[in-house]
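One structure is given here, and the rest of the page talks about it.
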Amino acid sequence: MTERICACCSENLQSVIWAYVSSRTPKDLLYIVLRDAYLDFLMTREMTSSFLLVTFAICTLIIAVGPSELLRIGAIDVDGHFTFKPSDLASVSSDFGMLKSPEEPLAVLHPSSAEDVARLIRTAYGSATAFPVSARGHGHSINGQASTGRNGVVVEMSHRNIRTPEPLVEPEEMYVDVWGGELWVDVLKKTLEHGLAPKSWTDYLYLSVGGTLSNAGISGQAFHHGPQISNVLELDVVTGRGEVMRCSEEENTRLFHGVLGGLGQFGIITRARISLEPAPQRVRWIRVLYSSFEVFTEDQEYLISMHGQSKFDYVEGFVIVDEGLVNNWRSSFFSPRNPVKISSVSSNGSVLYCLEITKNYHESESDTVDLEVEILMKELNFIPTSVFTTDLQYVDFLDRVHKAELKLRSKNLWEVPHPWLNLFVPKSRISDFDKGVFKGILGNKTSGPILIYPMNKDKWDERSSAVTPDEEVFYLVALLRSALSDGEETQKLEYLKDQNRRILEFCEQAKINVKQYLPHHATQEEWVDHYGDRWDQFRSMKAEFDPRHILATGQKIFQNPSLALFPPSPSSSSASW
């Protein structure tokens, strides 16, 4: 029986080879041959010979007809599922930035395991075109970084359409294992069940773990705990060769540090082990104003130099260039019950600066937190009449931006273009940046919050792929603007994009060595400049872990061969600045 089946498979194998070498043979013949060979395989428990024959037939089919036909007949065996529905393709063709014309991929994979992701990438790696594969979390990229083009496959890492591993908390070891597509808000909920929480955050919690770890993950805790990538103990990564590799400080160390902040270039993060700490219960949230930029930055830099127990737990700030009520979607520091006009506060040059700080505490410490805050505040030089304080639960503070998101969604103001520009500015030039940008290019109008806060470089692991300025203290300046088609001229997309270009040109002309965070560059020459003397190492990592340039092609760092065969549609465009 076994010999007869193997003989049958052998005949089918000959047919496959004949179909492959004959350019006049219809592709349908290949499908029939593969189907018959696969049925033969299923009819026997004697797997060795049949399995090898079927595997060879599948590989031949990949080479002969490319990924499109292959995926449509479901030849890649996954526990999750592929989808080709127009609505599903459309749902992954755009992102939060809305700056790039939507371009639907060939297919979407909803994986249920790392092995599903690996099978897809192994297929891409073995195909003639090396079709692109990109992971997508919550779709919060700005410039289409998770897109693949028309011939690629997007890996939808979220829970939306398939069951993936749930967060696993180990209270005694103080860590949590999470799926790469898990949202940070769900990680928080799970760890709080054990009275624990991750140490470092982003301001917005509806981002995927794999997404933020592929960049850095920063917020006001980074001055003390470092970015999120400095709080990872272990990763499972699927490389561009389709290998599932476990990596940490002790195992596959080069890949471990390369993937963290690596913009998805070396692998897809399918699991992360995140360090935890005891979670506080409440937060004292304080905002104060400054009219002097020098005094404002001196106070911020003083606060991030404190690392003992007697310190604030979160240090951020933002710039106010608009006249009128101080209020925006991200961080309104004047309560509607207590409105304060900028004109009521003395300001040189009409620009004000807000320091935003918090003190975490447990309810058992409520009697002493007032005194702790008072002692810490005595060292600061803010405008005395500008203090605003509120008290809330820890989880409500961390999830503060989502509440503002819901308000904007109710007004149809969330799904609009977001020409964001995030820069790391060296401490030695932040005053020049203030004069040229905050008091110059921006004028007295903005279209969203402008964050500014310092971080300590020694809290960033230099072995990661994240790029920061070469100074011990540097600032994040984040212009988080929203474009409105029916708004004022200063709110229009082209105006804001042009303003971003002017800011970057100013920095270049003034020789302010800024580095983009969540970087977007149009050419490889710009990427080489971005990485500087680390470029050779970055390129070497790419050659080792993704030699066919399959992964994260939307970043436009390395050229994927299939993009020349399937160029973007004529209507496709992206922001450039």
Side-chain angles (χ1 to χ4, degrees), residues 87-88 90-100 102 136-144 146 156 158-161 181-189 201-208 211-212 219 283 285 287 316 318 320-342 354 356 388 390-422 445-451 478-493 495-496 518 575:
S87 59
D88 292 335
S91 70
V92 301
S93 65
S94 187
D95 59 16
F96 178 73
M98 296 181 65
L99 302 179
K100 185 177 182 292
R136 176 186 171 94
H138 196 55
H140 212 263
S141 58
I142 303 300
N143 286 284
E156 177 61 85
S158 71
H159 285 293
R160 284 186 293 178
N161 293 293
E182 196 77 49
L183 299 184
W184 282 101
V185 66
D186 295 320
V187 177
L188 174 63
K189 292 174 182 176
W201 293 98
T202 54
D203 289 334
Y204 181 57
L205 298 186
Y206 286 77
L207 304 174
S208 69
T212 65
S219 185
V283 171
W285 190 8
R287 308 175 193 86
E316 283 199 18
F318 52 93
I320 305 159
V321 299
D322 281 1
E323 297 178 354
L325 285 176
V326 181
N327 196 2
N328 58 57
W329 68 265
R330 184 200 166 273
S331 192
S332 172
F333 64 89
F334 287 127
S335 166
R337 299 178 182 177
N338 181 30
V340 178
K341 287 187 177 294
I342 292 179
C354 175
E356 185 175 46
F388 178 79
T390 189
D391 202 278
L392 68 170
Q393 291 185 357
Y394 179 64
V395 65
D396 291 334
F397 171 74
L398 291 180
D399 201 28
R400 62 200 179 280
V401 177
H402 181 56
K403 295 178 180 179
E405 173 194 349
L406 296 178
K407 292 180 181 178
L408 283 182
R409 285 188 181 277
S410 69
K411 300 177 182 179
N412 295 319
L413 294 176
W414 183 259
E415 294 182 358
V416 298
H418 297 94
W420 287 9
L421 181 62
N422 295 268
K445 292 291 183 180
T446 186
S447 185
I450 304 169
L451 308 188
L479 294 94
L480 309 181
R481 282 95 66 80
S482 302
L484 303 177
S485 58
D486 57 351
E488 300 177 10
E489 182 62 26
T490 56
Q491 296 175 314
K492 299 291 181 63
L493 178 59
Y495 180 91
L496 295 173
L518 310 178

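As the structure is a prediction and not an experimental result, all values here were calculated from the model.
Residues passing the side-chain contact (heavy atoms from CB on, under 4.5 Å) test with H140, sequence neighbours excluded: F96, Y204, L207, W414, W420. When the ring pair (Phe, Tyr, Trp, His ring centres under 6.0 Å) test is applied to F397, the partners found at least two apart in sequence or on another chain are W285, Y314. Applying the side-chain hydrogen bond (donor to acceptor under 3.5 Å, both in side chains) test to E415 and every residue at least two apart in sequence or in another chain returns R409. For Y495, the side-chain hydrogen bond (donor to acceptor under 3.5 Å, both in side chains) criterion is met by no residue, not counting sequence neighbours. Residues passing the side-chain contact (heavy atoms from CB on, under 4.5 Å) test with V416 are H418, S482, L484, sequence neighbours excluded. For the side-chain hydrogen bond (donor to acceptor under 3.5 Å, both in side chains) test, no residue two or more places apart in sequence or in another chain qualifies with D396. Applying the side-chain contact (heavy atoms from CB on, under 4.5 Å) rule to L518 yields the partners N215, N422; only residues at least two apart in sequence or on another chain are considered. Residues forming a side-chain contact (heavy atoms from CB on, under 4.5 Å) with K189 (at least two apart in sequence, or on another chain): V185, D186. In this structure, the side-chain hydrogen bond (donor to acceptor under 3.5 Å, both in side chains) partners of D95, at least two apart in sequence or on a different chain, are S141.
Closest heavy-atom contact between I320 and C354: CD1-CB, 4.3 Å. The minimum heavy-atom distance between L496 and T490, with the atom names listed, is CD2-O, 3.5 Å. Here the shortest heavy-atom pairing between E156 and G137 reads OE2-O, 3.4 Å. A pairwise comparison of heavy atoms in K492 and S485 identifies CE-O, 3.1 Å as the closest pair. Scanning all heavy atoms of the two residues, the minimum distance from K100 to N143 falls at CD-O, 4.2 Å. In plain terms, the two heavy atoms of S208 and L183 that are nearest each other are N-CD2, 3.9 Å.
Side-chain contact check for H402 versus L205: every heavy-atom pair is 4.5 Å or farther apart. Side-chain contact check for P419 versus L493: some heavy-atom pair is nearer than 4.5 Å.
Interatomic distance, L413 CG to K407 NZ, rounded to the nearest 0.5 Å: 13.0 Å.
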- [ ] Applying side chain to side chain contact (heavy atoms under 4.5 Å, CB included), run through D203 and E316 and close with a yes or a no.
- [x] CA-CA 10 Å; D203 289 334; E316 283 199 18; 2.8 Å; yes
Task: Working for side chain to side chain contact (heavy atoms under 4.5 Å, CB included), residues I450 and F318 - done: CA-CA 5 Å; I450 304 169; F318 52 93; 5.5 Å; no
Task: T202/W184 under side chain to side chain donor-acceptor pair (under 3.5 Å): CA gap, chis, key distance, verdict - done: CA-CA 9 Å; T202 54; W184 282 101; 5.4 Å; no
